[in-house]
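Here is the structure we will look at.
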Amino acid sequence: METTQSKLDNQISIAEKLDIELREGNEERRKLLNVVQELKGNIRVFCRVRPLLKKEILDGNDNTHIETSQKSIEITNDCNKNVPYTFDRVFGDTSSQEEIFTDVALLVQSALDGYNVCIFAYGQTGAGKTYTMEGQGDGVEMGIIPRAMKLIFQKSEELLKFGWKYKLSVQHVEIYCEVLQDLLNRETGVKLDIRTAGGVKNSSVWVHGLTEHEVTNQNMVKSLLKQANQKRATAATNANERSSRSHSVFMLKISACNELTGEQHTSVLNLIDLAGSERVANSGSSGVRLKEAQKINGSLSELSNVISALANKDSHVPYRNSKLTFLLMDSLSGNSKTLMVVNVNPMKKAVNETINTLRFATTVNKCNIGTAQKFIK
Ligand SMILES: Nc1ncnc2c1ncn2[C@@H]1O[C@H](COP(=O)(O)OP(=O)(O)OP(=O)(O)O)[C@@H](O)[C@H]1O
């Protein structure tokens with residue numbers, strides 16, 4: 001007759017076998033997830049059209065010049081010609097924050113698996129960039145940043161049983177007219193500068209003077225985002241105007257270590273709300289406004305130059321030509337996964353800007369950054 005001890009040994013050995021299978025299954029899942037991501041391409045472009053706002057409807061605006069389907073958006077231009085643009089995904093004006101995030105979630109998850117990820121919101125002022133990235137409140141209108149953090153906390157908890165331990169910390173920086181400001185430092189006037197370490201090819205970038213905040217739950221993230229918004233608002237006479245003209249970069253640094261296998265990796269999830277992309281010539285600017293507009297247009301075209309240089313595998317990638325690309329140098333290199341969410345203003349009077357936006361997005365969409373690699377320590 002089987003003794004209690006041998007029954008117990010038997011159960012333990014079954015449990016150990018299942019545990020190994022589970023861990024191997026998890027490895028399989030991570031590999032598969034990466035293959036899916038690679039097949040989809042390491043640079044992807046989504047397009048999102050926001051709905052007309054109540055006031056815009058009352059003012060007699062219409063959006064009949066825009067037609068969308070799953071992967072394409074067609075614009076009727078001023079000459080009544082239909083011009084189609086195709087992207088990895090197009091979200092029409094009834095799409096919810098949840099729908100957008102469903103298509104972003106895998107990318108966010110791959111940051112936990114050790115890949116650098118950049119998600120940009122691009123588009124003219126008022127096109128819905130901040131709504132897409134931050135959203136509103138704690139419910140259905142939550143945007144990509146709070147949803148991404150919620151998913152990261154949830155997944156990192158689940159991965160504990162596979163031996164993974166994560167350290168998560170947040171930095172949040174604003175770039176206004178090529179000057180960096182720490183949105184999470186209550187002290188004002190601290191000068192920040194971007195520094196590099198290592199050789200030309202393998203250098204790593206950090207911002208000297210930028211504060212870093214470890215986070216362990218969603219409430220901590222919420223209060224940091226609130227603090228950042230307050231700081232952004234007090235730095236300007238008109239908060240909306242200032243935020244339209246600056247880039248906001250939310251950076252989540254992830255350090256992972258597996259206590260069972262000894263594996264370690266680090267990665268950064270960058271969530272970026274870009275400055276409004278309207279052209280200088282159209283904005284009728286002069287003085288300070290003209291200088292601002294030139295700097296914005298300059299840094300957005302440097303971003304596109306960097307992406308094209310990476311796609312063409314040029315020997316020189318002009319990261320240092322703008323603060324934004326310099327700051328994101330590590331995250332935009334061949335080791336990263338990038339998503340550009342192009343936000344479209346639905347008003348007919350914005351049609352020319354919309355076409356410019358979609359042309360820019362088409363250039364980005366043609367790029368293929370190559371296969372992402374993890375940074376294994
Ligand atoms: N998908 C959407 N559903 C409902 N309302 C939206 C949507 N997208 C944007 N809005 C609303 O449209 C207005 C402009 O959006 P938002 O502030 O996000 O634009 P933006 O591109 O970030 O502008 P800026 O460049 O000035 O920061 C806001 O009132 C926002 O709440």
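Keep in mind it's a predicted model, so treat the numbers as computed, not measured. Read the numbers this way: they start at 1 and go in the same order the structure lists the ligands and their atoms.
- Listed by number with element, the atoms of ligand 1 under 4.0 angstrom from any heavy atom of T125 are 23 (O), 25 (O), 26 (O).
- Only the side chain of P51 comes within contact range of ligand 1, with a heavy atom under 4.0 Å; no backbone atom does.
- Close N/O approach between S95 and ligand 1 is not found [any backbone or side-chain N/O within under 3.5 Å].
- E56 CD: more than 12 foreign heavy atoms inside a 6.0 Å radius.
- Within the listing of ligand 1, atoms 7 (C), 8 (N), 9 (C), 10 (N), 12 (O) sit less than 4.0 angstrom from a heavy atom of R50.
- The aromatic rings of W164 and H265 are tilted relative to each other, their planes meeting at an angle between 30° and 60°.
- For A275 against L300, the heavy-atom pair with the smallest separation is O-CD1, 4.0 Å.
- When atom types are taken as modelled, the side chain of Q218 and the backbone of P146 share a donor-acceptor pair closer than 3.5 angstrom.
- Among S246, G126, G143, the residue whose heavy atom sits closest to atom 23 (O) of ligand 1 is G126.
- In this structure, G209 and D182 approach most closely via the heavy-atom pair O-OD2, 4.1 Å.
- Taking only non-hydrogen atoms, the option from T130, D93, T94 nearest to atom 27 (O) of ligand 1 is T130.
- In summary, of the residues considered (K167, Q264, K165), a side chain to side chain contact (heavy atoms under 4.5 Å, CB included) with S255 occurs for K167 alone.
- Judged by the 6.0 Å distance and 45° axis criteria, R89 is positioned over the aromatic ring of F91.
- By the criterion of a heavy-atom distance under 4.0 Å, the side chain of L53, and not its backbone, is placed next to ligand 1.
- Polar contact with ligand 1: present for K129 (N/O pair, distance under 3.5 Å).
- Here the shortest heavy-atom distance to atom 15 (O) of ligand 1, taken over S277, G276, G128, S96, belongs to G128.
- In the vicinity of Q124, heavy-atom distances shorter than 4.0 Å reach the ligand 1 atoms 21 (O).
- The number of heavy atoms from other shown groups lying within 6.0 Å of CD (E212) is above 12.
- Applying the 4.0 Å criterion to heavy atoms of R48 picks out, from ligand 1, the atoms 1 (N).
- Those atoms of ligand 1 that come under 4.0 Å of a heavy atom in Q136, given as number and element, are 31 (O).
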